[in-house]
Amino acid sequence: MQSIIRNIFFVLALLSLAGYAQFRFDGEHTQLPQGCDEFGYLQLANQWSNQSVGTQPGFKENLVTHLENEGFDYRDYGWMIAPHAHHWHQESAQVINQYPPALSWMLSWFPKEQRQIWFPGIMAVINSIPLLIIGLFYFNKPHHQLLLVVFLGSLFFFPPTEIEFTRINSLAPTFSWLLAAGLLFRSHPWASTVMASVSLIFRSANVIFIGVFWIANFVLQRRFDKKSFVSLFVQGALLLVGMVPTMGYQKWLLDDFFAPTYSIIDQSFSGFQQLGSHLSFYFIDEPYWVLPMPLILLAIYFFTRHSQGRYRLIALCVAWSFLMGFFLFHEVTIYYYPYAAVLFGGGVLLPYIFQKINRINRFDWLPLVYLIPIIYSLFKLEKTPNVESEYPYQQCFSSEVIWSDLRSGTVEYTTDALGFRYSWGNTNARDQIILWLAQNNHKQAFWLEDLEVSEVELKTSIEQLGLHLKTRNCELGKLLIVENDR
C-alpha cells in the first residue's frame, strides 16, 4: 500500500510540474511567430491542418526561370523569394519548409490560436512520459523517483533548457527521452533504444551522436560474435524507426527518402578557415551545451575508475568528440547543436548516482516532498492569455508580395500575402525580382518598419528601376507600394 501511495504522489508531482510549466511559460507565447523556428513549425502546422503541405503559387517557378535566364545563381535568390524557415528547392522546383514534420503535425491537432499558448504544457507532458515509465517500471525506488522529479523540474527552472519552453522548437520534446535513453542504456538496452528512437521522431539530427556512441560502445566491448552483431543490427533498425516519419515526409515532398529539406547552407561545411571563430562560439560565447559534458565525463570516470565499465566512458568521449568535430566544421553555428550529448551523457551518469545512494533505506518522508510542486503549481493557476491579434496584419497587407525581413513569416502566417526577404540575397537579383513582379502585374509592397534600409534609400533604388511608389500608413507602420501602371 505504501508503494502505491508513493507512486500516486510521484505521478501527481510530474503532472503538477507539467501544469506549472504551462502557467509559467504561456505568457511567453502571446506574440505572433517571427524569425525562423517559431514561424517554420507553426506554418507547417497550418499546412497540415489545411492539407496544403507542398502546395505553392505557380508564379515562383516562372520567376526562377527568369532569374536563371538572367544568369543568377541559386544562392542569389533562393532565400529571398521565401519567408523565414523556407527556401527554393531546385530539384523539386518549389518553396519548401526546412523543418521535419513531427512537431508541426502534432501541433496541428490543436486549433491555430491555441498552438502557441499550450506549447509549454504539451512539451512538459511529453517530457513527463519517459520519466513516468522509468519511475514506475525500471528505477522505482523512492530516491529514484525523487531524482526524476527533480530533473523534470530543473528543465523549467534553469538554463539552458528553460529557454526552450519560451519558444516553439524541436528540442523541448526530446529532453527527457534522451536522458531516459542514457539512463537505461546499461541495464535495459532495448528500452534505451526505444527512448532514443522517440527522440529522433522530433529531431533526427540526434542520430549523429547516438549512432556513433552505439557503434563505439559495441566496438570497445570486443564482442564480435554472431549474436552480438545480430543484436546490434536489430537495435540499429529499431533506432532508425524514429527517422521513418521524417524520411517518409521527404519521400512524399521531394520524392527521395534521403533528400534533406534543409537548405544547402545548413548542409555545408566551413573548413579550417572558420575553426577559430567556431571554437570561440561554442566554448566561450555560447558554452551552455558544451561545458557540462566534460563535467559529466569526469563524474563518470570517478564512478568507473575501478570497474570494468570504462568502455562506456570511452564511447561517450568518442561520440562527443565526433559530434563537436562535426559542428566545429559545420558552416552554421547554433548554441544548442551539441545538446543531445549532455542529456544522453547525463542519463548514463544517473545509474552510478543511484548506486551511491541505494544504501539509504528510509525514504518514507519523500511523498511529502512531492507536495511542494503539487501545492506550488496550484498557486500558479491563472487565466490563459490570448495570442496577439492577426487583424492588423490582415488590414495592412493586401498586396500579393510583401517585402520585409524578420517578420516575413508573420506576414504569411496571418494573411494570404507572400513574404519575401529583402536582405537575403544578391542586390541585382532583388532588382530583377522587383521588376519582374511589376512587369507581370503582381502587386508588391515594402514594409518599412521591418526593413533595415531607410525610406529615402529604398525609394531611390526603386525609382532607379523606373517604377513608382505610393505611400500607405496602417497600424503596423508605413508601406511603400509599387504602382504597376507606369
Side-chain angles (χ1 to χ4, degrees), residues 151 154-155 158-161 164 170-171 174-186 189 192-193 195-197 199-200 202-222 232 235-236 239-240 242-243 269-270 272 274-305 307 309-353:
F151 170 78
S154 69
L155 294 180
F158 302 107
T161 54
E164 305 306 335
S170 62
L171 276 71
T174 67
F175 290 148
S176 291
W177 296 96
L178 287 167
L179 181 99
L183 176 58
L184 296 173
F185 182 80
R186 179 173 58 157
S192 170
T193 305
M195 299 290 182
S197 184
S199 82
L200 299 184
F202 296 101
R203 194 164 183 83
S204 55
N206 289 343
V207 76
I208 297 171
F209 172 81
I210 296 172
V212 173
F213 173 78
W214 246 255
I215 295 172
N217 184 75
F218 174 79
V219 172
L220 289 166
Q221 288 186 79
R222 299 180 181 179
L232 178 68
Q235 279 188 284
L239 178 68
L240 294 179
M243 299 186 68
F269 289 88
S270 58
F272 286 95
Q274 296 186 38
L275 180 58
S277 62
H278 289 185
L279 281 167
S280 176
F281 176 83
Y282 284 114
F283 287 89
I284 299 175
D285 301 332
E286 304 283 352
Y288 318 107
W289 284 114
V290 174
L291 295 186
M293 194 60 187
L295 299 178
I296 290 172
L297 295 173
L298 186 62
I300 294 175
Y301 170 75
F302 173 79
F303 286 120
T304 62
R305 65 190 189 280
S307 70
R310 286 196 298 266
Y311 58 83
R312 274 185 294 274
L313 171 63
I314 299 172
L316 273 175
C317 291
V318 170
W320 185 62
S321 299
F322 180 87
L323 184 75
M324 289 308 303
F326 182 91
F327 288 125
L328 286 173
F329 289 99
H330 194 255
E331 185 166 325
V332 178
T333 54
I334 299 180
Y335 71 92
Y336 56 70
Y337 275 170
Y339 88 104
V342 173
L343 289 161
F344 186 91
V348 173
L349 173 63
L350 267 182
Y352 297 110
I353 297 176

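For reference, positions follow the sequence shown, starting with 1. Computed from a prediction, not measured in an experiment: that's the story for all the values here.
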Do you see a donor-acceptor pair shorter than 3.5 Å between the side chains of Thr193 and Gln235?
->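 Indeed, the side chains of Thr193 and Gln235 share at least one donor-acceptor pair under 3.5 Å.
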Write down the atom of [X], the atom of [Y], and the distance for their closest heavy-atom approach.
X	Y	answer
Leu297	Leu316	CD2-CB, 3.7 Å
Gly345	Ile300	O-CD1, 4.1 Å
Ala196	Ile210	CB-CD1, 3.9 Å

In Å, rounded to the nearest 0.5 Å, how long is the span from [atom1] of [X] to [atom2] of [Y]?
X	Y	atom1	atom2	result
Gln274	Leu279	CD	CG	12.0 Å
Met324	Trp289	CE	CH2	13.5 Å
Asp285	His278	CG	NE2	11.5 Å
Ser199	Phe209	OG	CZ	11.0 Å

Is the number of heavy atoms from other residues, nucleotides or ligands within 6.0 Å of CZ (Phe269) greater than 12?
->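 Yes, because the 6.0 Å sphere around CZ of Phe269 holds more than 12 heavy atoms from other groups.
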Just by distance, do the side chain of Ser197 and the backbone of Leu239 share a donor-acceptor pair under 3.5 Å?
->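 Side chain of Ser197 to backbone of Leu239: a pair is present.
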Can we call the ring centroids of [X] and [Y] under 6.0 Å apart?
X	Y	value
Trp177	Phe344	no
Phe272	Phe329	yes
Phe151	Phe175	no

For Phe158, all residues meeting ring pair (Phe, Tyr, Trp, His ring centres under 6.0 Å), sequence neighbours excluded | none
Pairs under 3.5 angstrom only: tabulate donor-acceptor contacts from the side chains of residues 334-341 to other protein residues two or more places apart or in another chain.
unit_1 : atom_1 : unit_2 : atom_2 : d
Tyr335 : OH     : Glu164 : OE2    : 2.5
Tyr339 : OH     : Thr174 : OG1    : 2.6
Tyr339 : OH     : Asn206 : ND2    : 3.0

Hey, what's the ring geometry for Phe327 with His330, parallel, tilted or perpendicular (30° and 60° as the breaks)?
-> perpendicular
In chain order, what residues pass the side chain to side chain contact (heavy atoms under 4.5 Å, CB included) check against Leu240, with sequence neighbours excluded?
-> Val207, Met243
